Amino acid sequence: MRRDGELSRVRQIRTVASALGLQTTALPHLIRGLRREGDGSGWAAPVPPDSRLCRSALEEATQALTPALLAHSLRCWEFGMALAGVDDLSPDPEALYLACVLHDVAVGEPVDPAVGCFALLGAHRARAFVLDGGATPALGECVHTAIARHLDLATPRDRGAEAALLHDAAHLDVTGLRAYQLDSRQLAAIDARHSRNGFAAEFTAAMRHEARLRPRSTAATLWYSGMRVAIALNPLDR
């Protein structure tokens with residue numbers, strides 16, 4: 001019996017095929033790299049929502065994540081807000097911040113007998129954290145959906161602005177997808193605030209470990225379809 005979040009053999013094959021197609025389509029942008037203009041010092045960071053829940057979530061993430069993964073999560077928040085402008089989306093800032101900050105809290109966690117995907121496991125934990133913090137069920141579900149769907153290959157546009165933006169922000173930070181749509185000075189400013197030093201190597205190792213822990217998960221399927229190459233080609237690291 002498959003655990004919740006595990007892929008059938010057919011879905012694994014389809015995911016591999018889709019991943020290879022996406023990588024082929026994105027390859028010209030990744031090879032071309034980014035146009036470098038200045039150090040980005042004129043680009044201000046988006047201000048996180050000033051709520052007790054957001055402050056608590058940052059504390060939770062700081063305790064749960066390594067410095068490199070925490071910086072990744074904070075870059076996702078900034079990328080998400082930047083892409084909202086590109087896509088003309090109006091996310092709930094609190095929901096997007098919570099989803100970005102908490103989306104990787106289950107990376108590398110021990111195997112759960114009921115859940116076979118770290119994204120889904122993290123979504124469950126984030127929803128519980130949000131609800132325990134006194135938030136509405138609607139906010140908890142929004143955060144859960146965004147985190148559970150952030151590994152999807154296609155942007156989950158039908159799942160709300162927060163899910164779409166976390167998805168694209170995470171893929172942008174890990175592989176450089178859509179990076180060409182943002183001003184290179186803005187990218188430099190985000191990097192200056194949340195350094196990428198060591199992230200690619202640590203994330204590669206984490207996904208290799210995830211593939212061993214949960215071999216039928218989306219993360220494992222993406223790993224075996226060439227995620228290491230996609231990470232290595234990320235123009236943000238060149």
Side-chain angles (χ1 to χ4, degrees), residues 19-49 58 61 65-91 93 95-97 99-101 103-104 146 149-157 161-207 222 226-238:
L20 293 175
L22 180 62
Q23 291 170 20
T24 300
T25 301
L27 194 59
H29 292 297
L30 299 180
I31 292 176
R32 187 180 306 124
L34 304 173
R35 186 167 45 87
R36 299 294 179 184
E37 294 182 0
D39 60 5
S41 58
W43 289 87
V47 179
L58 181 58
L65 302 175
T66 66
L69 283 180
L70 178 63
H72 161 64
S73 299
L74 294 173
R75 287 194 302 272
C76 284
W77 154 248
E78 297 206 27
F79 286 142
M81 292 299 289
L83 290 172
V86 174
D87 294 342
D88 195 25
L89 294 176
S90 299
L96 181 59
Y97 183 84
C100 289
V101 168
H103 80 278
D104 274 343
R149 301 301 297 270
H150 84 270
L151 288 180
D152 289 7
L153 282 171
T155 303
R157 301 187 189 281
E162 297 78 17
L165 292 169
L166 171 58
H167 173 278
D168 284 12
H171 285 248
L172 190 162
D173 197 52
V174 172
T175 67
L177 289 175
R178 299 196 66 187
Y180 70 95
Q181 293 181 276
L182 299 182
D183 190 293
S184 58
R185 294 165 295 182
Q186 187 176 23
L187 296 173
I190 293 172
D191 182 43
R193 286 189 288 270
H194 310 293
S195 174
R196 301 186 62 82
N197 288 342
F199 170 67
E202 182 171 324
F203 194 80
T204 298
M207 291 302 100
L222 293 177
M227 181 188 287
R228 181 190 309 182
V229 175
I231 294 172
L233 289 174
N234 190 342
L236 296 177
D237 292 318
R238 298 203 303 272

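Quantities reported herein were computed from a predicted structural model and do not represent experimental measurements. The analysis underlying the following values was restricted to heavy atoms, covering all of them including side chains, and did not include hydrogens, waters or symmetry mates.
We find the CG-OG1 distance between Asp168 and Thr155 to be 3.5 Å, quoted to the nearest 0.5 Å. For the atom pair Leu83 CG and Glu78 CD, the distance stands at 12.0 Å (nearest 0.5 Å).
Of the possible polar contacts, one joining the Arg75 side chain to the Ser195 backbone as a donor-acceptor pair under 3.5 Å is found. A distance-only check finds a donor-acceptor pair linking the side chain of Asp183 to the backbone of Arg185 [under 3.5 Å]. No donor-acceptor pair under 3.5 Å is formed between the side chain of His194 and the backbone N or O of Cys76.
Among all heavy-atom pairs drawn from Ser73 and Cys100, the shortest one is CB-O, 3.4 Å. Minimum heavy-atom separation, Gly176 to Pro235: CA-CD, 3.9 Å. Closest heavy-atom contact between Asp87 and Arg178: OD1-NH2, 2.7 Å. Val47 approaches Trp77 most closely through the heavy-atom pair O-CZ2, 3.7 Å. Here the closest non-hydrogen pair linking Leu165 and Pro91 is CD1-CG, 3.6 Å. When every heavy atom of Ala163 is checked against every heavy atom of Pro156, the shortest pair comes out as O-CG, 3.8 Å.
Applying the side chain to side chain donor-acceptor pair (under 3.5 Å) test to His72 and every residue at least two apart in sequence or in another chain returns His103, Asp104, Asp173.
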Apply side-chain contact (heavy atoms from CB on, under 4.5 Å) to Leu89 and Arg157, showing your working.
-> CA-CA 11 Å; Leu89 294 176; Arg157 301 187 189 281; 5.7 Å; no
List the steps, then state whether side-chain contact (heavy atoms from CB on, under 4.5 Å) holds for Asp191 with Leu236.
-> CA-CA 9 Å; Asp191 182 43; Leu236 296 177; over 6 Å; no
Full working for side-chain contact (heavy atoms from CB on, under 4.5 Å) between Val174 and Ile231 = CA-CA 6 Å; Val174 172; Ile231 294 172; 3.8 Å; yes
Could you go step by step and tell me if Ile190 and Leu74 meet the side-chain contact (heavy atoms from CB on, under 4.5 Å) rule?
-> CA-CA 9 Å; Ile190 293 172; Leu74 294 173; over 6 Å; no
Taking distance alone, no hydrogens or angles, what donor-acceptor pairs closer than 3.5 Å link side-chain atoms of residues 198-207 to residues at least two apart or in another chain?
{"from": "Glu202", "atom 1": "OE2", "to": "Thr66", "atom 2": "OG1", "distance (Å)": "2.3"}
{"from": "Thr204", "atom 1": "OG1", "to": "Ala200", "atom 2": "O", "distance (Å)": "2.7"}

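In the model, Thr175 has no side-chain atom that pairs as donor or acceptor with a side-chain atom of Asn234 under 3.5 Å.
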